[in-house]
Enquirer: 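Just dropping this structure here.
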Amino acid sequence: MSPPPIFETTLRGATPLNRGKVRDLYAVDDHLLIVATDRISAYDVVLDSVIPDKGKVLTQLSAFWFARTGHIVPNHMVSTDPASYPAALRDQHALLAGRSMLVRRTKPVLIECVARGYLSGSGWKEYRETGRVCGIELPSGLRESERLPEPIFTPATKAETGHDVNISENEAADLVGRDLVTRLRDVTLALYAHGAAHAESCGIIVADTKFEFGLLPNDDPGDDAESFILIDEALTPDSSRFWPADRYAPGGPQPSFDKQYVRDHLDAVGWDRQPPAPALPAAVVDGTRAKYREAYRLLAGRELD
């Protein structure tokens with residue numbers, strides 16, 4: 001995998017902690033600052049080309065969902081307004097506005113929590129081979145992209161590079177404990193149900209989505225249950241598979257609101273999926289940007305700030 005490019009500048013008053021494929025993470029006093037860049041990756045390679053507004057869509061859509069789902073589970077969001085950030089950051093408003101989020105610190109849970117309502121992606125591949133997805137037996141004869149009888153919880157391991165690896169709920173319990181996995185499963189499915197219902201009313205199918213959670217310090221020594229909150233992002237085009245409902249046709253791949261333009265172009269030019277990736281033409285950049293912005297407009301009910 002190619003090393004991710006550095007964010008536009010080093011922030012004053014913040015200590016760089018990690019540069020991911022898309023997000024840059026900083027320590028700010030006793031909080032963290034997440035900055036979503038316009039970087040884009042395909043097949044686990046970060047491209048040199050960027051998609052304008054992509055970072056703003058990821059940040060503002062996550063904030064939209066965090067505000068809507070607090071009744072299901074608390075989350076790490078403190079603020080998305082640079083004017084309310086620590087003083088050392090406030091004069092860097094132009095860099096941070098719309099694409100940054102000040103958040104609480106947690107200890108990340110070492111599994112990805114995935115909810116699937118439709119049979120697609122790695123789930124479809126596994127089903128064709130075994131009739132199961134993450135150890136869950138499914139009815140025979142399902143087609144690619146078909147709606148499942150009910151949403152399922154399919155955890156995965158977190159990978160530093162490359163793809164996450166699907167695991168069963170029992171394997172997840174071996175990693176983080178049975179009680180925690182059970183509670184994470186219930187919250188994951190509740191978040192998916194809420195998000196999918198709202199999205200459906202907006203003309204979008206949420207085929208599947210990934211959540212991450214963080215553990216908080218346990219202030220009650222007599223309570224064995226670890227408390228957790230929702231972290232990272234929520235129900236974005238990068239963490240979810242969004243399909244336009246009016247074009248849904250099970251039996252094959254579906255059009256989507258994410259990197260489809262990028263992947264289709266890279267496949268068409270015969271890229272071998274090894275770095276460096278070829279530069280994206282303007283039409284591909286513009287088409288991808290439009291899809292991200294459209295997903296935000298439909299779900300949030302307003303244009304991107």
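Counting begins at 1 with the first residue of the sequence.
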Enquirer: Can you check side chain to side chain donor-acceptor pair (under 3.5 Å) on Asp81 and Ser79, steps first, answer last?
Expert: CA-CA 6 Å; Asp81 181 7; Ser79 176; 5.5 Å; no

Enquirer: Within the distance-only criterion (no hydrogens, no angle test), does the side chain of Arg90 pair as donor or acceptor with the backbone N or O of Tyr85 below 3.5 angstrom?
Expert: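 Side chain of Arg90 to backbone of Tyr85: a pair is present.
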
Enquirer: Can you tell me if CD on Glu137 sees more than 12 non-hydrogen neighbours from other groups inside 6.0 Å?
Expert: yes

Enquirer: For the residue pair Trp271 and His265, is the inter-centroid distance of their aromatic rings smaller than 6.0 Å?
Expert: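 Centroid separation for Trp271 and His265: 6.0 Å or greater.
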
Enquirer: Evaluate side chain to side chain donor-acceptor pair (under 3.5 Å) for Ser256 paired with Gln260, printing each intermediate quantity in order.
Expert: CA-CA 6 Å; Ser256 64; Gln260 182 175 337; 3.2 Å; yes

Enquirer: State, with a plain yes or no, whether a side-chain heavy atom of Phe211 is found less than 4.5 Å away from one of Leu235.
Expert: yes

Enquirer: In terms of side-chain geometry, is the basic nitrogen of Arg105 or Asp30 positioned less than 4.0 Å from the acidic oxygen of its partner?
Expert: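 Not counted as a salt bridge, because no side-chain N and carboxylate O are separated by less than 4.0 Å.
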
Enquirer: Checking Thr236 against Ser239 for the side chain to side chain donor-acceptor pair (under 3.5 Å) test, could you report, in this order, the C-alpha distance in whole Å, the side-chain angles of both residues, the deciding distance, and whether it holds?
Expert: CA-CA 5 Å; Thr236 72; Ser239 66; 3.3 Å; yes

Enquirer: Go through Phe66 and His76 one step at a time and tell me if the ring pair (Phe, Tyr, Trp, His ring centres under 6.0 Å) criterion holds.
Expert: CA-CA 9 Å; Phe66 286 151; His76 68 166; 5.4 Å; yes

Enquirer: So, for Ile136 and Phe153, which heavy atoms are closest and what is the spacing to 0.1 Å?
Expert: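 Between these two residues, the closest heavy atoms are CD1-O, 3.5 Å.
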
Enquirer: Are the side chains of Thr188 and Val114 in touch, meaning some heavy atoms are under 4.5 Å apart?
Expert: no

Enquirer: Just wondering, do Asn18 and Asp24 contact through their side chains at under 4.5 Å, heavy atoms?
Expert: no

Enquirer: Any idea which heavy atoms bring Arg183 and Phe228 closest together, and the distance?
Expert: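 That closest heavy-atom pairing would be NH1-CE2, 3.5 Å.
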
Enquirer: Quick one: closest heavy-atom pair of Lys21 and Ser41, and the distance?
Expert: CD-OG, 3.8 Å

Enquirer: If hydrophobic clusters are built by linking Ile, Leu, Val, Met, Phe, Trp and Tyr wherever their side-chain heavy atoms come under 4.5 Å apart, do Val206 and Ile72 end up in the same one?
Expert: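 Both belong to a single hydrophobic cluster.
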
Enquirer: Looking at every heavy atom in both Arg143 and Pro250, which two are closest together, and how far apart are they?
Expert: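 Closest heavy-atom pair between Arg143 and Pro250: NH2-CG, 3.7 Å.
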
Enquirer: Hey, would you say the Tyr292 and Phe242 ring centroids sit under 6.0 Å apart?
Expert: no

Enquirer: If you draw a 6.0 Å radius around CZ in Arg293, do more than 12 non-hydrogen atoms from other residues or ligands fall strictly inside?
Expert: yes

Enquirer: In the single-linkage hydrophobic clustering (I, L, V, M, F, W, Y; side-chain heavy atoms under 4.5 Å), do Phe64 and Tyr192 co-cluster?
Expert: yes

Enquirer: Compute the ring centroids of Trp243 and Tyr118, then answer whether they are less than 6.0 Å apart.
Expert: yes

Enquirer: So, are Arg128 and Glu144 salt-bridged, with charged N and O less than 4.0 Å apart?
Expert: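 Looking at Glu144 together with Arg128, the answer is no, because their closest N to O distance does not fall below 4.0 Å.
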
Enquirer: If you compare all heavy atoms of Thr106 against all heavy atoms of Gly214, which two are closest, and at what distance to 0.1 Å?
Expert: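 Residues Thr106 and Gly214, closest heavy atoms: OG1-CA, 3.4 Å.
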
Enquirer: Tell me the closest heavy-atom pair linking Leu184 and Val109, and the distance in Å.
Expert: CD1-CG1, 3.9 Å

Enquirer: With sequence neighbours excluded, what pairs up with Tyr296 under the ring-ring contact (aromatic ring centres under 6.0 Å, His included) test?
Expert: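 Checked Tyr296 against ring-ring contact (aromatic ring centres under 6.0 Å, His included); zero matches.
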
Enquirer: Is a side-chain donor or acceptor of Asp272 paired with a backbone partner of Gln274 at a separation under 3.5 angstrom?
Expert: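 Checked: pair present.
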
Enquirer: Of Arg99, Lys56, Arg23, Arg289, which is the lone residue that meets salt bridge (Lys or Arg N to Asp or Glu O under 4.0 Å) with Asp38?
Expert: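 Of all the options given, the one that passes is Arg99.
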
Enquirer: Would you mind checking if Lys54 and Asp238 are paired as a salt bridge, meaning a charged N to carboxylate O distance below 4.0 Å?
Expert: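 The answer is yes: the pair qualifies as a salt bridge.
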
Enquirer: Side chains of Asn75 and Arg104: donor-acceptor distance under 3.5 Å anywhere?
Expert: no

Enquirer: Report the C-alpha separation of Arg185 and Glu169 in whole Å, then their side-chain angles, then the decisive distance to 0.1 Å, and conclude whether the salt bridge (Lys or Arg N to Asp or Glu O under 4.0 Å) test is met.
Expert: CA-CA 9 Å; Arg185 178 199 64 203; Glu169 189 173 327; 2.9 Å; yes

Enquirer: Should Arg241 and Thr209 count as side-chain neighbours, where that means a heavy-atom distance under 4.5 Å?
Expert: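 Counting from C-beta outward, Arg241 and Thr209 never come under 4.5 Å.
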
Enquirer: Salt bridge (Lys or Arg N to Asp or Glu O under 4.0 Å) between Arg273 and Asp267: does it pass, once the steps are laid out?
Expert: CA-CA 9 Å; Arg273 302 186 184 182; Asp267 290 342; 3.6 Å; yes

Enquirer: Taking everything shown except Arg247 itself, do over 12 heavy atoms lie less than 6.0 Å from its CZ?
Expert: no

Enquirer: Around Leu17, counting heavy atoms of other residues, nucleotides and ligands shown, do more than 12 lie under 6.0 Å from its CG?
Expert: yes

